[in-house]
Amino acid sequence: MGKGGNLSEGVVKKILLSYTYVAIWIFLSFTVIVYNKYILDRKLYNWPYPISLTIIHMAFCSSLAYLLVRVFKVVEPVTMTMDLYCKSVVPIGLLYAFSLWLSNSAYIYLSVSFIQMLKALMPVAVYSIGVMFKKDTFKSDTMGNMVSISIGVAIAAYGEAKFDTWGVMLQLGAVAFEATRLVMIQILLTSKGITFNPITSLYYVAPCCLVFLFIPWIFVEYPLLKDTSSFHFDWVIFGTNSFCAFALNLAVFLLVGKTSALTMNVAGVVKDWLLIAFSWSVIKDTVTPVNLVGYGLAFLGVAYYNHAKLQALKANEAQKKASQAADEEAGRLLEEREGENGAKKNESQG
């Protein structure tokens, strides 16, 4: 009873910790999205400079990551040559810069709820680009599921009350760059045995991302900011916003490290529904029935995709265990046979 009770307590503790990590990640992700919308929206804080905001985030995250890696030595840096950095990390930094720039720009033109609906296309983009770069195998049933997600998002877009073509193009561009970045991480880093946690990822990627953002900032936003004499840098607003962005990266580390990437995908779906509800009830964005029907269809497609991934992971795990058991059984039989042969040899000598 005692042993069973301890096991039950351990399982309950693990479940509670997992839910805590999920709740922290959802809260921080929710906060960063709503905070960015608040800063960039012309009707709210009215600071429509997405490149500048992303530069502030990257500068803050680079500085903190440097302190954690080099000064406080919370995590060990990855062994990295300059050649490897230029060929592997820099392209990922470029893709990350475009992804952040475009996704933050979309908040100026689209509602939070509609942006979350468009983000449902992420599995479609990741799978399609993965197949294109031969990191994923083409399967007709998976592609059929991707088509159903796309149809759902198209219906949601059709029902959008404040549809803005430029905003949609920006968000779709952000999805494409982010999906390419995720696939490139597999090709350029994971395949070479290099793995980053969110702190080392920011330590290596954020500085080159900052450099790439600085180039368009000089031509696009700097002239506008120079002419805006009324603007005064609000340390509280931008400081807390940047800290939330950094904390979100740490929350990703906790969530994926203590649970799994699949858990984060499932938690992401919950977060999206909460954001849609918040956008409708608090920000007073218009959410139409056609929006919900379309996103509901896309949601079912994403849920099925996550379920299929979970089944594939379970099948791989079962196959590994079966292979390990077969190896152990073969080893045991070999030992028995060697023992029998030894016994017979001793008998013949006797």
Side-chain angles (χ1 to χ4, degrees), residues 31-66 85-86 89-112 114-116 118-119 160 162-181 184 201-246 248-249 279 283 285:
T31 303
V32 169
I33 288 168
V34 173
Y35 212 156
N36 286 353
K37 172 68 175 175
Y38 168 74
I39 291 170
L40 295 165
D41 198 304
R42 297 180 193 279
K43 297 175 185 174
L44 300 171
Y45 189 75
N46 190 26
W47 200 68
Y49 303 106
I51 308 175
S52 302
L53 182 64
T54 312
I55 282 176
I56 292 167
H57 286 174
M58 288 297 104
F60 185 88
C61 289
S62 298
S63 304
L64 268 187
Y66 180 84
Y85 185 84
C86 292
V89 177
V90 170
I92 290 166
L94 176 63
L95 292 166
Y96 195 38
F98 275 103
S99 171
L100 292 172
W101 172 14
L102 297 183
S103 62
N104 280 335
S105 298
Y107 286 112
I108 300 171
Y109 305 96
L110 303 175
S111 66
V112 170
F114 187 43
I115 286 172
Q116 301 318 302
L118 291 173
K119 282 182 181 178
E160 176 60 20
K162 296 177 182 176
F163 186 90
D164 185 284
T165 305
W166 179 238
V168 170
M169 287 172 65
L170 287 169
Q171 185 55 47
L172 293 179
V175 168
F177 278 114
E178 180 63 12
T180 308
R181 183 183 76 90
M184 285 296 114
S201 177
L202 287 173
Y203 176 74
Y204 289 106
V205 176
C208 67
C209 183
L210 189 61
V211 172
F212 284 125
L213 286 166
F214 191 72
I215 297 165
W217 178 78
I218 291 172
F219 300 102
V220 178
E221 291 186 4
Y222 175 68
L224 297 173
L225 284 166
K226 194 170 64 172
D227 294 337
T228 311
S229 57
S230 59
F231 174 72
H232 298 285
F233 191 84
D234 193 325
W235 289 95
V236 175
I237 289 287
F238 293 104
T240 52
N241 179 246
S242 298
F243 182 79
C244 287
F246 184 80
L248 178 59
N249 279 279
S279 178
I283 304 177
D285 286 333

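In this chain, residues are counted from 1 in sequence order. As the structure is a prediction and not an experimental result, all values here were calculated from the model.
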Flag the pair [X] / [Y] as yes when at least one side-chain heavy-atom distance between them is below 4.5 Å, and no otherwise.
X: Y38; Y: N241; answer: no
X: V90; Y: Y85; answer: yes
X: I33; Y: K119; answer: yes
X: Y35; Y: T240; answer: yes
X: I237; Y: I39; answer: yes

Closest non-hydrogen atom pair, [X] against [Y]:
X: H57; Y: N36; value: CE1-OD1, 3.5 Å
X: G93; Y: F212; value: C-CD1, 4.0 Å
X: A59; Y: L210; value: N-CD1, 3.9 Å
X: V89; Y: Y204; value: CG1-O, 3.6 Å
X: K37; Y: S111; value: NZ-CA, 4.3 Å
X: S105; Y: L170; value: CB-CD1, 3.8 Å

(Q) Please check this pair: side chain of S103 against backbone of S99, looking for a donor-acceptor N/O pair closer than 3.5 Å. (A)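 Yes; judged by distance alone, with no hydrogens or angles, the pair exists.
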Q: Indicate yes or no for a side-chain donor-acceptor contact from S242 to the backbone of G239 under 3.5 Å, with no hydrogens or angles considered.
A: no
Within this structure, what is the [atom1]-[atom2] distance for the pair [X] and [Y], rounded to the nearest 0.5 Å?
X: L53; Y: N104; atom1: CG; atom2: CG; value: 5.5 Å
X: T180; Y: I92; atom1: OG1; atom2: CD1; value: 11.5 Å
X: T31; Y: L248; atom1: OG1; atom2: CG; value: 9.0 Å
X: I283; Y: D41; atom1: CD1; atom2: CG; value: 8.0 Å
X: C244; Y: N249; atom1: SG; atom2: CG; value: 12.0 Å
X: L40; Y: N46; atom1: CG; atom2: CG; value: 10.0 Å

Q: Over 60° means perpendicular and under 30° means parallel, so classify the ring planes of Y66 and Y203, tilted if in between.
A: parallel
Q: Using the six-membered ring wherever Trp is involved, compare the ring planes of F238 and Y45 and label them parallel, tilted or perpendicular (cut-offs 30° and 60°).
A: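 F238 and Y45: perpendicular rings.
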More than 12 heavy atoms of other residues, nucleotides or ligands under 6.0 Å from [atom1] of [X]: is that the case?
X: F243; atom1: CZ; value: no
X: Y222; atom1: OH; value: no
X: F214; atom1: CZ; value: no
X: F233; atom1: CZ; value: yes

Does [X] have any side-chain contact (heavy atoms from CB on, under 4.5 Å) partners at least two apart in sequence or in another chain, and if so, which?
X: S52; result: W47, Y49, W217, E221, L225
X: D164; result: Y109, L110, W166
X: P207; result: S62

